[in-house]
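Encoded as C-alpha cells, the structure appears first; notes follow it.
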Amino acid sequence: MTVTTTLFDPLDAIVWQLLATIPSGRVITYGALAKLAGYPSHARYVGRILKNLPKQTTLPWHRVVNARGELSFAVDSQRYLRQKALLESEGVIFNGHKIALRQYRWHG
DNA sequence: CCGCTGACTGGGA
DNA sequence: TTCCCAGCCAGCG
C-alpha cells in the first residue's frame with residue numbers, strides 16, 4: 001500500500017502542539033517557537049506554518065510576534081489590526097506598534 | 001540548478 | 001535605541 005503521503009511535515013505538528021500551550025495574554029517569538037521545536041534556524045518556516053493554518057483554526061496564532069516585539073504584518077493592514085485586537089482582548093498592552101513587553105515567552 | 005520571495009534574526013553602525 | 005543588512009531556508013516558478 002502505498003501510502004504514505006504525509007499530509008503535513010513533522011515540524012508542523014510540533015509547532016502546532018507548542019502553539020497550543022501558549023497561555024492567553026502571553027506571546028512568543030517565531031524564533032523561540034522554532035527553537036523549542038528543535039529547529040533553531042527556522043523562524044521563517046514557523047511563519048510559513050502559521051500562514052498555512054486554516055482560517056477556522058482554534059490555535060492561538062496571534063500570540064506569535066517577531067523578535068522586536070512587533071506584529072509581522074504591514075502596520076494597520078487588516079491582518080495587523082485583527083492580531084492586535086485579539087492580543088489586546090487578552091490584556092496585552094501596546095506601546096505604539098510594539099508590545100509593552102513585560103514577559104515575552106510562555107511559561108514563565 | 002537558478003533566482004526571488006517571505007507572518008525572521010542577530011549584530012554592527 | 002533604532003536602522004540596516006547579510007544570512008537564513010523552504011516553496012515556487
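Residue numbering restarts at 1 for every chain, and letters A, B, ... go by the order of the sequence lines.
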side-chain contact (heavy atoms from CB on, under 4.5 Å) partners of A:A43, counting only residues at least two apart: A:Y30
Between B:dA7 (C1') and A:I28 (CD1): distance, integer Å: 15 Å
Side-chain donor/acceptor of A:T57 to backbone N/O of A:P54, under 3.5 Å: no
Donor-acceptor contact below 3.5 Å, side chain A:N66 vs main chain A:R68: yes
Where protein sits on nucleotides 8-13 of chain B, one letter per nucleotide: B base, S sugar-phosphate only, - none, heavy atoms under 4.0 Å: BBB---
Which atom of A:A37 lies closest to which atom of A:L11, heavy atoms considered: CB-CD1, 3.7 Å
Residue of the set A:D9, A:V15, A:L50 for which side-chain contact (heavy atoms from CB on, under 4.5 Å) holds with A:Y45: A:D9
Listed once per pair and sorted, the side chain to side chain donor-acceptor pair (under 3.5 Å) pairs that draw on residues 74-87 of chain A, sequence neighbours left out: A:Y80-A:H97
DNA chain C: 5'-most and 3'-most nucleotides touching chain A, 4.0 angstrom heavy-atom criterion: C:dT2 to C:dG11
NZ/NE/NH1/NH2 to OD/OE distance under 4.0 Å, A:E90 and A:R63: yes
Chi angles and distances behind the side-chain contact (heavy atoms from CB on, under 4.5 Å) call for A:L36, A:I28: CA-CA 11 Å; A:L36 286 174; A:I28 188 172; 3.8 Å; yes
Dot-bracket encoding of pairs in DNA chain C, which uses [ ] for pseudoknotted crossings and | for another strand, Watson-Crick or G-U under 3.5 angstrom: .||||||.|||||
Residues A:F8, A:N52; criterion side-chain contact (heavy atoms from CB on, under 4.5 Å); working and verdict: CA-CA 11 Å; A:F8 48 76; A:N52 294 329; over 6 Å; no
Salt bridge (Lys or Arg N to Asp or Glu O under 4.0 Å) partners of residues 44-61 of chain A, not counting sequence neighbours, each pair once: none
